[in-house]
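The block underneath contains the structure these notes are about, expressed in structure tokens.
From a predicted model like this one, the values you see are computed outputs, not experimental measurements.
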Amino acid sequence: MTFKESLESGKFAVVAELQPPKGMDLTELYENAEKLRGHLDAIYVPDLPNAIMRLGSLSACALLKQKGFEVIYNLSCSHRNRLALQSELLNAAALGLTNVLILRGDPPSLGDHFEASPVLDLDVMGLLEAANRLQEGYDLVGNDLQGKPRFFVGAQVNVAVTRDTLDQTVMDMEKKMRQGAHFFFTTSIYDPGLLEEFMKRVAPYKVPILVGITLLKSAGMARYMNKHVEGASIPDPIIDRLMKASDKQAISIEIAGEMIRTIKPLCQGILIIPIGWEGLIPSLLRQAGL
């Protein structure tokens, strides 16, 4: 079953993020993928996460697809102009990659090439429009294509918003849907109350929303995410549990499992972000009853 078919069937989908290597050694990527075979509905490979130069999402996804994995390719606006972005979408289609997550991307100032210039020739709405126009058979300036690509396009939404910003967030989400977004990943969240309020508001749209779940390695990591990661909302009681626990991996799995069980009735899936703890994902899924 494809990722698109899973969501359209109403299935609660499980996606895990696997980061591509910084280099050409794909051993770890393949090993992590094999550990998760049969446990996931798709593998998501981010595009230059944290603006660190590494193997691209395009080639990593194409190689994983050759090995029989359902994959979600990520294309970000930060590092390419509109010529390259459209070409990358055609490259993905030619390689059989139909699931595409479109993001703004991380600024180069965060990464290991901080002197690089951000591009942002298109924003997320512009890139969604480009993907939509390519599927209609022409590029952004109206030139006809020889053969049309087909995509299942997703975008991101920040659910950790205040009442004052909720209206604008919902409007932005609606605009993305009009431009062809068929599913949404949320930013990582550990506050079910915020998610519940958001999901009530967007329920009429009936669009699949998969919630980001980052495995928390320490109280310091949780505090850092609250301060620096957009949309992160990790309550103090969770930070206290992380600080007091002697077995950080066990408490991380316990916290994430509790969160998944709580939010499962609210959404249509999860995106697990393991950050080096890929081997713990099967245990997490058992803990969460999945």
Side-chain angles (χ1 to χ4, degrees), residues 12-23 25-50 52 54-55 57 60-61 64 67 69-72 74 101 106 110-111 156 185-191 210-235 237-264 267 269-290:
F12 187 84
V14 179
V15 178
E17 176 183 297
L18 295 185
Q19 295 207 3
K22 187 174 175 64
D25 187 352
L26 294 158
T27 304
E28 185 176 0
L29 176 68
Y30 290 152
E31 287 177 350
N32 287 331
E34 288 298 339
K35 291 174 187 176
L36 300 175
R37 192 183 288 274
H39 293 284
L40 305 175
D41 294 284
I43 291 172
Y44 164 63
V45 182
D47 177 42
L48 299 178
N50 301 313
I52 302 293
R54 58 179 67 227
L55 186 72
S57 178
C61 283
L64 288 171
K67 292 183 175 293
F69 294 99
E70 183 73 358
V71 293
I72 301 172
N74 173 214
L101 181 71
D106 296 315
L110 294 179
Q156 189 178 66
F185 285 159
T186 77
T187 49
S188 290
I189 188 169
Y190 270 90
D191 187 336
L210 288 78
V211 174
I213 301 288
T214 297
L215 298 189
L216 301 172
K217 294 186 174 183
S218 66
M221 175 183 174
R223 292 192 188 100
Y224 179 89
M225 288 179 62
N226 275 345
K227 186 175 182 179
H228 297 288
V229 178
E230 181 184 3
S233 178
I234 305 171
I238 288 180
I239 296 176
D240 290 340
R241 289 172 67 185
L242 287 164
M243 188 165 51
K244 295 174 183 176
S246 57
D247 187 335
K248 302 301 183 186
Q249 289 189 350
I251 194 63
S252 177
I253 294 301
E254 182 179 307
I255 290 170
E258 291 170 1
M259 181 66 180
I260 293 169
R261 289 195 300 272
T262 301
I263 67 171
K264 190 172 184 289
C267 59
I270 52 173
L271 167 64
I272 303 170
I273 306 170
I275 314 181
W277 281 359
E278 290 81 6
L280 300 182
I281 291 177
S283 297
L284 170 59
L285 297 178
R286 288 192 293 271
Q287 175 86 358
L290 298 174

Flag, side chain of [X] to backbone of [Y], donor-acceptor distance under 3.5 Å:
X	Y	answer
Arg261	Gln287	yes
Lys264	Leu290	no
Ser57	Asn74	yes
Ser252	Lys248	no

Is there a side-chain contact between [X] and [Y], using heavy atoms and a 4.5 Å cut-off?
X	Y	value
Asp106	Asn50	yes
Pro46	Gln19	yes
Ile275	Leu215	no
Leu36	Pro282	yes
His39	Ile281	no
Leu284	Trp277	no
Asn226	Arg223	no
Ile263	Ile189	no

Could you tell me the separation between the [atom1] atom of [X] and the [atom2] atom of [Y], rounded to the nearest 0.5 Å?
X	Y	atom1	atom2	answer
Ile43	Asn32	CD1	CG	9.0 Å
Leu280	Ile253	CG	CD1	4.5 Å
Leu271	Thr214	CG	OG1	8.0 Å
Glu17	Ile213	CD	CD1	13.0 Å
Leu210	Asp41	CG	CG	8.5 Å
Ile238	Asp191	CD1	CG	8.0 Å

Original post:
What do you reckon, is CD of Glu34 surrounded by more than 12 foreign heavy atoms closer than 6.0 Å?
Top reply: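 Atom CD in Glu34 is crowded, with more than 12 foreign heavy atoms closer than 6.0 Å.
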
**OP:** State which residue, out of Val45, Asp47, Leu48, Leu64, fulfils the side-chain contact (heavy atoms from CB on, under 4.5 Å) condition with Pro20.
**Re:** Val45

Subject >> Test side-chain contact (heavy atoms from CB on, under 4.5 Å) applied to Ser188 and Ile273, Val211, Ile234, the passing residue >> reply: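 That would be Ile273; it is the only one of Ile273, Val211, Ile234 passing the side-chain contact (heavy atoms from CB on, under 4.5 Å) with Ser188.
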
Considering all heavy atoms, the nearest [X]-[Y] contact:
X	Y	result
Ile270	Phe12	CG2-CZ, 3.9 Å
Leu55	Gly23	CB-O, 4.0 Å
Ile239	Ala222	CG1-CB, 3.8 Å

Original post:
With sequence neighbours left out, what residues match Tyr190 under ring-ring contact (aromatic ring centres under 6.0 Å, His included)?
Top reply: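 Scan of Tyr190 (ring-ring contact (aromatic ring centres under 6.0 Å, His included), adjacent residues dropped) gives none.
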
Original post:
Are Glu278 and Glu31 close enough, and set up right, to give a side-chain contact (heavy atoms from CB on, under 4.5 Å), and what steps lead you there?
Top reply: CA-CA 10 Å; Glu278 290 81 6; Glu31 287 177 350; over 6 Å; no

